[in-house]
Amino acid sequence: MDLFQYKNGVLYCEDIPVNSLPEKGLPTPFYLYSANTLRQHYKKIYSIFEKLQPMICFSVKSSNNVHLLNELAALGAGMDIVSGGELFVVKQSNADLSKVVFAGVGKSDEEITDAIVSEVGFINIESEQELARVQELAGELKREVNVLIRILPDVLDEKTNEKTRTGHKGAKFGIDYAHVEALIEENADHPYVKIRGLHSHIGSPISSYTFYVAAIQKMVELVEHLKRKNIRLDVLNIGGGFPANYMDNDNFSWESFAGPITELLEPYVKNEGFKIILEPGRSISANTGIMVTKVLYVKQSGDKHIVILDGGMTELIRPAMYNAFHFIWPVKPQPEHVLANRNYPVQQEGLITYDVVGPICESSDYLAKERPLPALRQGDYIAVFTVGAYGMVMASNYNLHVRPAEIMIDKDKIYIIRERETQEDLVRTMIKHEL
Ligand SMILES: *Cc1c(COP(=O)(O)O)cnc(C)c1O
């Protein structure tokens, strides 16, 4: 459940009517976040997995504003990072670095060194060569580091978008399951690099708990094999990929995921003291944000109605890149089109089918195709929902558009948490000098 609701005929974010922001002069498009939705989602995920006493490492790549990270850190969240840049931002937040896990197939020497020196909780190892490199660097630094081996479990959810599948055979992520046992055996006694456990992340979003169960069964099997060889692991990281509510604002039943996963892992926690790590991104962040954009023009092309917004693929690339669905609705619809509940498809009379597009000079720049909406007029403010994950983090300057502001609402307080870029920012690093 998120805190973007229609009240008195207009869309509210917590206690603030959304249209009041552009009406006060805030330029569109902008991202708008609900702090209390963020907090509630974190607590919800924690509570459904509470029996596992999990360490919840929020996936920073899904939503990386330091002020949003601070809200989660204040609740005790750890962070899941995938680059030195993310480590840098996390260091500016209040997050506990011992609760940071560092994944990614292509970590550079600088990133690995930074992670070791910063004493992050765990580095997730994604190849044999990476493990060797971490051993060399930790040896040179004479510093200990805990690592998890990311297995490639050969688990495929066909419903996950092809571009965000990560657990199938032949994927670039993790280490081939068949090689992992020998690798851990051979490297169990390194003086600086301690192999503490296993990691798996099979894609995003995952449609059923059964895929997690399949991946966890493979992890558990390895744990048992190694135990027989007297090699003890004590950490299992089951990754992220839990779904978000894109079609509606009902609570997705995360409980249905937690039950079977908990059942499998609980004995390891209770009897053997295992630490369980989760890396949720979108399930926490997606429904925390909307993009507010304005109708610039409405026109007809053949028999198509086209609405042109001032925000598009440069702010939100998910429709162009993944053919992703985002619920779209006017911030202040005509009274007969006010929504009691967000739920697609909307059961209302008198809607017009639009292609909803942005201003960028490219046909992939759309936010929705053939979408039934109330009649739209120039100047209407439009909300694009469920953009808190993989939204602003993927914004670009294509066509030299400035990247938008980010606003956070906490009950009746409004905070700017990222300034809109200026046109000076666009040329700031275009400095010519001879090398
Ligand atoms: C992207 C990613 C996640 C988060 O995925 P969500 O679908 O946003 O939950 C977690 N772990 C790793 C390693 C990732 O790359």
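Below, each value reflects all heavy atoms present in this structure, side chains not excepted, and no hydrogens, waters or symmetry copies. Counting starts at 1 for both ligands and their atoms, in listed order.
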Intermediate values then yes/no, salt bridge (Lys or Arg N to Asp or Glu O under 4.0 Å), E266 and K270: CA-CA 6 Å; E266 206 178 356; K270 293 264 151 77; 2.7 Å; yes
Between Y42 and E71: side-chain donor-acceptor atoms closer than 3.5 Å: no
Distance filter under 4.0 Å to D80 heavy atoms, resulting ligand 1 atoms: 3 (C), 10 (C), 11 (N), 12 (C)
R282, any N or O under 3.5 Å of ligand 1 N or O: yes
Geometric cation-pi criterion K294 and Y381, 6.0 Å radius, 45° cone: no
Element-labelled atoms of ligand 1 that are located less than 4.0 Å from some non-hydrogen atom of Y390: 1 (C), 4 (C), 5 (O), 6 (P), 8 (O)
Test item, G241 contacting ligand 1 (heavy atom, 4.0 angstrom): yes
NZ or CZ of R371 within 45° of Y344 ring axis and under 6.0 Å: yes
For P280, the ligand 1 atoms whose distance to one of its heavy atoms is below 4.0 Å: 9 (O)
Identity and separation of the nearest protein heavy atom to atom 7 (O) of ligand 1: S204 OG, 2.3 Å
Shortest protein contact, atom 2 (C) of ligand 1 (heavy atom only): K61 NZ, 2.3 Å
Derivation of the salt bridge (Lys or Arg N to Asp or Glu O under 4.0 Å) call for D154 and K169: CA-CA 5 Å; D154 190 15; K169 212 179 209 56; 3.6 Å; yes
No-hydrogen, no-angle side-chain donor-acceptor test under 3.5 Å, S204 and R282: yes
Numbered atoms of ligand 1 (with element) below 4.0 Å of S59, judged on heavy atoms: 1 (C), 2 (C), 3 (C), 4 (C)
Geometric cation-pi criterion, K43 with Y46: 6.0 Å, 45°: no
Per-atom contacts, ligand 1 versus E279 - under 4.0 Å to a heavy atom: 3 (C), 4 (C), 9 (O), 10 (C), 11 (N), 12 (C), 13 (C)
Geometric N/O contact V82 with ligand 1, under 3.5 angstrom: no
